[in-house]
There are 2 protein chains.
Amino acid sequence: MPSTPYQQLKQYLVNNISVDDEQLAAFCKKFRHKTTKRNEVLLQAGDVCPYIYFVNSGCLRIYMLDVNGKESTRFLVTEGRFGTAFPSFNLQEPSLAAIQSIEPSDVLYISHYDFNQLLDTFPGWEHLYRIGLEKDYIASIKRIESLITMDARQRYQLLMETNPALIQKLPSKIIADYLGVSQETLSRLKSKK
Amino acid sequence: MPSTPYQQLKQYLVNNISVDDEQLAAFCKKFRHKTTKRNEVLLQAGDVCPYIYFVNSGCLRIYMLDVNGKESTRFLVTEGRFGTAFPSFNLQEPSLAAIQSIEPSDVLYISHYDFNQLLDTFPGWEHLYRIGLEKDYIASIKRIESLITMDARQRYQLLMETNPALIQKLPSKIIADYLGVSQETLSRLKSKK
DNA sequence: GCCGCTTATTGACATTTGTCAATAATTTAC
DNA sequence: GTAAATTATTGACAAATGTCAATAAGCGGC
C-alpha cells in the first residue's frame with residue numbers, strides 16, 4: 001500500500017518523463033485527493049467539467065444519458081490512468097457526458113486552471129500531456145474502427161482479447177453500452193457461444 | 001492563389017502559435033510538396049506510414065479494407081488540415097489503414113523523423129501539435145458518441161448539420177462507409193425523406 | 001444474514017440494417 | 001464525344017439487433 005495517495009501519480013510521471021523530485025513535488029501539490037462511494041456522481045451532464053482525474057484505485061465512467069433514459073458509456077477510466085469529460089474539460093463548455101465512480105474509488109484531481117498553469121510553466125508537463133493525448137487518441141481511433149467495421153459479436157470478442165479484466169470487473173450492463181449494444185444482445189452473445 | 005505551396009501551412013501556423021518568420025521558414029523547409037492524382041494511393045495498408053500530410057487542396061481519405069473487400073473510411077482530411085494514418089505514424093508500426101487522395105490534391109508532407117526533430121527543437125511545435133491533437137481527439141470522441149448513441153439516420157442528419165460541404169463534395173459511397181452504413185441504406189435514408 | 005433492489009437471462013416480436021441482384025444514372029478515361 | 005467503368009437507386013429478402021415483458025439470479029446495504 002502506498003504511504004501517500006501520490007505514490008502512483010509519481011510513478012506515472014517518472015515512467016513518462018524525466019523529472020526531478022522537486023518538480024514531482026510541485027506537480028503533486030496541484031492535485032487534491034478524494035475517495036468516492038459506489039455510483040457517486042462526480043460531474044453532472046450540463047455542467048462544465050472543472051477537473052481532470054487520476055485514478056489510484058477503482059473505476060470512473062464517462063457516460064451519456066439520452067432523453068429516454070438510455071445510457072451510453074463513452075469511456076472507462078481504470079487504475080493508474082487519467083480521465084475526464086474531455087471535450088468539456090478542454091473547452092470549458094457544458095458537458096454532454098456525466099462522470100460517476102462505478103465502484104468505491106480513490107482519485108486525485110486537478111483543476112483546469114492549475115492544469116494549464118503546469119502546461120505553461122513546465123515544458124515537461126506539456127510533453128507528458130502530449131504523450132497521453134497520443135495514446136488516448138489512438139485508443140479512440142481503434143474504438144471507431146471497431147464500431148464501423150465490426151458487428152456486436154466481433155466487438156465483444158475484441159474486448160475479451162484486449163481487456164478481459166474489464167469484462168470481469170464491470171457489470172455486463174455497462175460493458176454492453178460501452179460496446180454500443182443492448183444488454184439483452186450482449187447476454188445472448190455470451191450464452192449462444 | 002498562393003504564390004508558394006507553403007502559404008496555407010504558414011497561415012495555419014501563425015493562426016495557432018506565435019512564431020516569427022525565421023521559424024516559419026525553418027518549419028516549412030522540412031515539408032516536401034506533392035500533387036496527387038484522383039484515387040492515388042499514398043500509403044498501402046501493411047506499410048509503416050512515414051509521413052504526416054498537410055492538405056493544401058483536395059481531400060485525403062484514411063480507410064480500411066477488410067478481407068471481403070469492404071471498405072470503411074476512418075477519416076477524411078480536407079483542405080487546410082493535417083492528417084495521417086495516425087497509429088502507424090505515431091508508433092511507426094504497420095498500418096491497418098491505407099491513405100488515398102480521393103480527388104486530385106495538392107499536399108505537403110513531413111517525415112516522422114523530421115516531425116520529431118521539430119518537436120524536440122521547438123517548444124512551439126510541440127504546443128502546436130498538442131493543440132491539434134486535442135482538436136482531433138475531441139472530434140473522435142464526438143464520432144464515437146454518434147456511433148454508440150445514434151442510428152444511421154441520425155448520424156446522417158448530424159453530418160448534414162455539421163459538415164454539409166463533405167456530403168456535397170464526396171460520392172455517397174464514401175459518406176456511407178464513413179458513417180458506418182451500407183451504400184444502399186444511405187441511399188434509402190436520402191430518398192425516404 | 002436477510003430483504004429489496006438492481007442486474008441478467010430468455011422469449012416473442014418489431015425494426016433496422018445488410019446483402020444480393022437488376023437496372024439506371026453518372027462519371028471517367030481516352 | 002463515346003465507350004466502359006463506376007456509382008446510385010430500388011426491390012426482395014435475410015440477418016442482426018432492439019424492445020418489451022416476464023422471470024431468475026445476484027448483490028448491496030443495513
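Reminder, nothing fancy here: chain letters follow the sequence lines and each chain counts from 1. These figures come from a predicted structure and were not determined experimentally.
Helix bend of the helix from C:dG1-D:dC30 to C:dC30-D:dG1: the angle between its two end axes, each built from five pairs, comes to 80° after rounding to 10°.
When the side-chain nitrogen and oxygen atoms of A:S187 are compared with OP1 and OP2 of C:dA8, none of them lie within a distance under 4.0 Å.
Between A:Q168 atom CD and C:dA8 atom P the separation is 14 Å, expressed in whole Å. One atom, CD1 of A:I167, and another, P of C:dA8, lie 13 Å apart when rounded to the nearest Å. If you measure from atom NZ of B:K169 to atom P of C:dT26, you get 22 Å, rounded to the nearest angstrom. For B:I174 and D:dT6, the CD1 to P distance is 14 Å, given to the nearest whole Å. B:K173 places its NZ atom 14 Å from the P atom of C:dT19, with the value rounded to the nearest Å. The distance from atom CG of A:D177 to atom C1' of C:dT7 is 13 Å, rounded to the nearest whole Å. Taking atom CD1 of B:I102 as the reference point, atom P of D:dT7 lies 11 Å away to the nearest angstrom. Here C:dT7 presents its C1' atom at 14 Å from CD1 of A:I175, a figure rounded to the nearest Å.
Between B:F75 and B:F86, the distance from one ring center to the other does not fall under 6.0 angstrom. The ring of A:Y12 has its center closer than 6.0 angstrom to the ring center of A:F54.
Of the charged side-chain nitrogens involved, at least one lies within less than 4.0 Å of a carboxylate oxygen, so that B:R130 and B:E134 count as a salt-bridged pair. Using a 4.0 Å cut-off between a side-chain N of Lys or Arg and a carboxylate O of Asp or Glu, A:D114 and A:R32 do not qualify as a salt bridge.
Considering only heavy atoms from C-beta on, B:D106 comes within 4.5 Å of B:H33 through its side chain. Counting heavy atoms from C-beta outward, B:K70 and B:S72 have side chains that approach closer than 4.5 Å.
Taking the six-membered ring where the residue is Trp, B:W125 and B:F115 present perpendicular rings, their angle passing 60° and hence far from 30°. Between B:Y109 and B:Y53, the ring planes are tilted. Angles from 30° to 60° get that label.
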Readout for nucleotides 14-30 of chain D: B = base within 4.0 Å of protein heavy atom, S = sugar-phosphate only, - = neither; 5' to 3' it is ---SBBBB------S--
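Seen from the ring of A:Y178, A:R61 does not count as a face-on cation partner, given the 6.0 Å and 45° thresholds.
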